[in-house]
Q: 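If you scroll down you'll find the structure; I have some questions about it.
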Amino acid sequence: MLSFRLFGLFGLVLFNIEVFSQDTTDLLKQIEVSDTVINSSYATATFKSTRLINGHTVESLGKNVLDFKISHRFGKLNGGAYNLFGLDNATTRFAFDYGITPLLMVGIGRSTFEKTYDAFGKIKLLRQTDESNRVPVSVSLASIIAVKTLKSLDTSRKLNFSSRLFYTHQIIIARKFTEKTSLQLSPTYSHRNLVRLASEPNNLYAIGLGGRQKISKRVSVNAEYYYQLPSYKLSGTNNSISLGVDIETGGHVFQLHFTNSQGMSERTFINETRGGWDKGDIYFGFNISRIFDLGKKH
Amino acid sequence: MEPRIIKIHNSLRAVTKVFILLFILCPSTIDAQKVYTKNGSVSFFSKAPLENIEAKNEQVTSVLNLATGEIQFSILIKAFHFKKALMEEHFNENYMESQKFPKAVFKGSVREHDKITLSKDGTYPVTVSGDMTIHGVTKQITTTGFIKITNGTPSATATFNVKPKDFKISVPKIVRNNIAETIDVSIACTYDQTLK
């Protein structure tokens, strides 16, 4: 009887030892490993730069980051060998973009094309969430003001300063579908104070469509199209179509592309593109972006 | 038997039962040796001619079983924060490919675990060895470190080196002078939570 009891107790003890030395090879599984990170639950790098080819992307700069941009558009390819397929001519734009906060950035620039100065502000309204599909898209709002300072050839009338102003506002909606593919849509509203003919509207509407496909860790292929709504298309203009390649190396992004738009400010490429792809009015160009971190050094 | 002896015999049996019961219940106290934290810190430093790179992760999960010496770490790559936003973006997109390999994991054991008891405060030098998995590649790593017991709470610190090359993290020639071939890693975890 006693031995029975002892045996029973011994068995209980054994059983307990067995339970306590369970398979502990995956201790990590035993605690809830939380995968969500507070700050990094947003999709990052939907595009590699704040510009796709000509137009804005949904991306903004980090806080205290300065982006120096130099853009070139050479002449038309159909200029032939004599003009070295357009390389003999070039218009340039240089700009300084600055991130005030991770959500708000500003920039100023100047193009040689029609001697245009431009300034913009861009704010991130919504950020796409990573992993979960709580927020499926990123949305930014960009507002650009441009001043065309080219002296008017028409000496019969004096051009007021206000007549030189152009405003462009865009709502940019983008989605990073996969690590390699991102698409964006930019409904655009432009206003110009001075029109060429009374029949031309002051307010113009267009929709931008753009996308990028990464072909390696640092290289992507981009495309951009601005569709002007039919009754808001100025005569003699075409829709801007551009194709390009982005190459990223450390602090630089090199963007090489072909486009039918000669100008690099919003009012020129969205509403005043005169080149036609079918006619060979294709401009080869590039943008170089160099990032400087102006934040406090440790 | 004499009544007195019967009494002693009975109380002895009772005492034995209590002891055995206690022994059965005891394991739960030994289980208090499984401790963990969800905000351990891991930081790394790369010293190169053109640039120094530094990042810190303060959301590291780590579990320590002092009874068996097992120690495990789970490190979410996206939780490494850099002073420069672009650096953080490149770290995740181009080097660590955190979309493909979201976590770095270490599973190993502390050699001197039997010398450490929660009840005795002090600093114990230890040797930890195990498997480190970064960027999908697993390597055996051994390092020295310290486990310190303060008021019954263990904390671990260690510094060791890793080579990006060992974990198939490719560094293009153009940035060869920006990223060191050997990176210094430091860990510091305070195990303030107990696994039941």
Side-chain angles (χ1 to χ4, degrees), chain A residues 2 5-6 9-10 12-21 24-45 48 59-65 67 99 102 130-131 178-180 214 216-218 248-253 291-293 295-298, chain B residues 13 16-17 20-21 23-28 30-31 34 36-38 50-52 54 57 59 61-65 67-68 70-74 76-81 83-90 92-95 97-100 102-103 105-107 170 172 174-175 178 193 195-196:
Chain A
L2 191 62
R5 274 203 195 132
L6 269 175
L9 280 168
F10 189 60
L12 251 171
V13 168
L14 261 183
F15 172 67
N16 234 332
I17 289 175
E18 193 127 27
V19 165
F20 126 75
S21 65
T24 52
T25 53
D26 212 336
L27 295 171
L28 287 172
K29 284 208 177 82
Q30 292 173 42
I31 57 176
E32 255 166 48
V33 184
S34 138
D35 282 356
T36 54
V37 173
I38 299 144
N39 293 328
S40 306
S41 57
Y42 298 112
T44 55
K48 283 195 181 295
E59 294 290 340
S60 268
L61 295 172
K63 186 174 174 173
N64 297 329
V65 171
D67 184 2
D130 218 355
E131 318 297 309
T178 69
E179 192 52 33
K180 296 194 171 153
K214 270 173 91 169
S216 82
K217 279 193 287 195
R218 295 176 173 86
E248 171 194 60
T249 61
H252 290 90
V253 179
I291 300 282
F292 296 94
D293 197 300
K296 258 189 295 198
K297 304 275 181 260
H298 43 215
Chain B
R13 278 163 73 184
T16 323
K17 275 194 213 159
I20 292 174
L21 210 61
F23 184 58
I24 294 167
L25 292 173
C26 221
S28 56
I30 300 176
D31 245 3
K34 263 196 238 176
Y36 72 99
T37 175
K38 282 205 204 172
L50 286 184
E51 193 169 27
N52 288 342
E54 204 172 339
N57 184 334
Q59 289 166 287
T61 300
S62 179
V63 192
L64 170 62
N65 185 342
T68 59
E70 280 171 283
I71 187 166
Q72 298 184 351
F73 292 83
S74 172
L76 196 66
I77 304 297
K78 280 198 169 177
F80 275 104
H81 294 303
K83 280 206 163 65
K84 295 188 187 181
L86 195 64
M87 219 180 233
E88 192 167 318
E89 187 181 301
H90 290 166
N92 285 298
E93 277 233 328
N94 301 339
Y95 297 97
E97 297 184 274
S98 23
Q99 206 67 15
K100 272 196 242 167
K103 293 192 215 153
V105 175
F106 176 78
K107 286 190 188 165
S170 54
I174 197 169
V175 287
N178 295 67
Q193 316 229 47
L195 200 62
K196 281 166 269 292

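Numbered from 1 within each chain, the chains take letters A, B, ... in sequence-line order.
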Q: Run the side chain to side chain donor-acceptor pair (under 3.5 Å) test on A/K217 and B/S170 for me, step by step, so that the C-alpha distance in whole Å, both residues' side-chain angles and the decisive distance to 0.1 Å come before the verdict.
A: CA-CA 11 Å; A/K217 279 193 287 195; B/S170 54; 3.1 Å; yes

Q: Mind checking what makes side chain to side chain contact (heavy atoms under 4.5 Å, CB included) contact with A/N64, not counting sequence neighbours?
A: A/Y98

Q: After noting the C-alpha distance and the side-chain angles of B/N94 and A/E248, does the key distance pass the side chain to side chain contact (heavy atoms under 4.5 Å, CB included) rule?
A: CA-CA 10 Å; B/N94 301 339; A/E248 171 194 60; 3.0 Å; yes

Q: At what distance, to the nearest 0.5 angstrom, does CG of B/N92 lie from OG1 of A/T44?
A: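 Taking CG in B/N92 and OG1 in A/T44, the distance rounds to 6.0 Å.
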
Q: Locate the shortest heavy-atom distance separating A/G62 from B/A85; write the atom from each residue and the value.
A: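 What the structure gives for the nearest pair is CA-CB, 4.4 Å.
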
Q: Please round to the nearest 0.5 Å and tell me the distance separating atom CD1 of A/I291 and atom CD of B/E89.
A: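 Those atoms lie 9.0 Å apart.
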
Q: I'd like to know if B/E93 pairs up with A/K48 as an ion pair, taking the criterion as any Lys NZ or Arg NE/NH1/NH2 lying under 4.0 Å from an Asp or Glu carboxylate oxygen.
A: yes

Q: Can you name the side chain to side chain contact (heavy atoms under 4.5 Å, CB included) partners of B/P172, sequence neighbours left out?
A: A/R218, B/Y95, B/I174, B/V175

Q: Heavy-atom cut-off 4.5 Å, strictly under: side chain, backbone, both or neither for A/K63 against chain B?
A: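 Neither part.
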
Q: Are A/D130 and B/K78 within salt-bridge range, i.e. N to O under 4.0 Å?
A: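 Here A/D130 pairs with B/K78 in a salt bridge, since their nearest N and O are under 4.0 Å apart.
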
Q: Checking heavy atoms, do the side chain of B/E97, its backbone, both or neither come under 4.5 Å from chain A?
A: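 Just the side chain, heavy atoms under 4.5 Å.
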
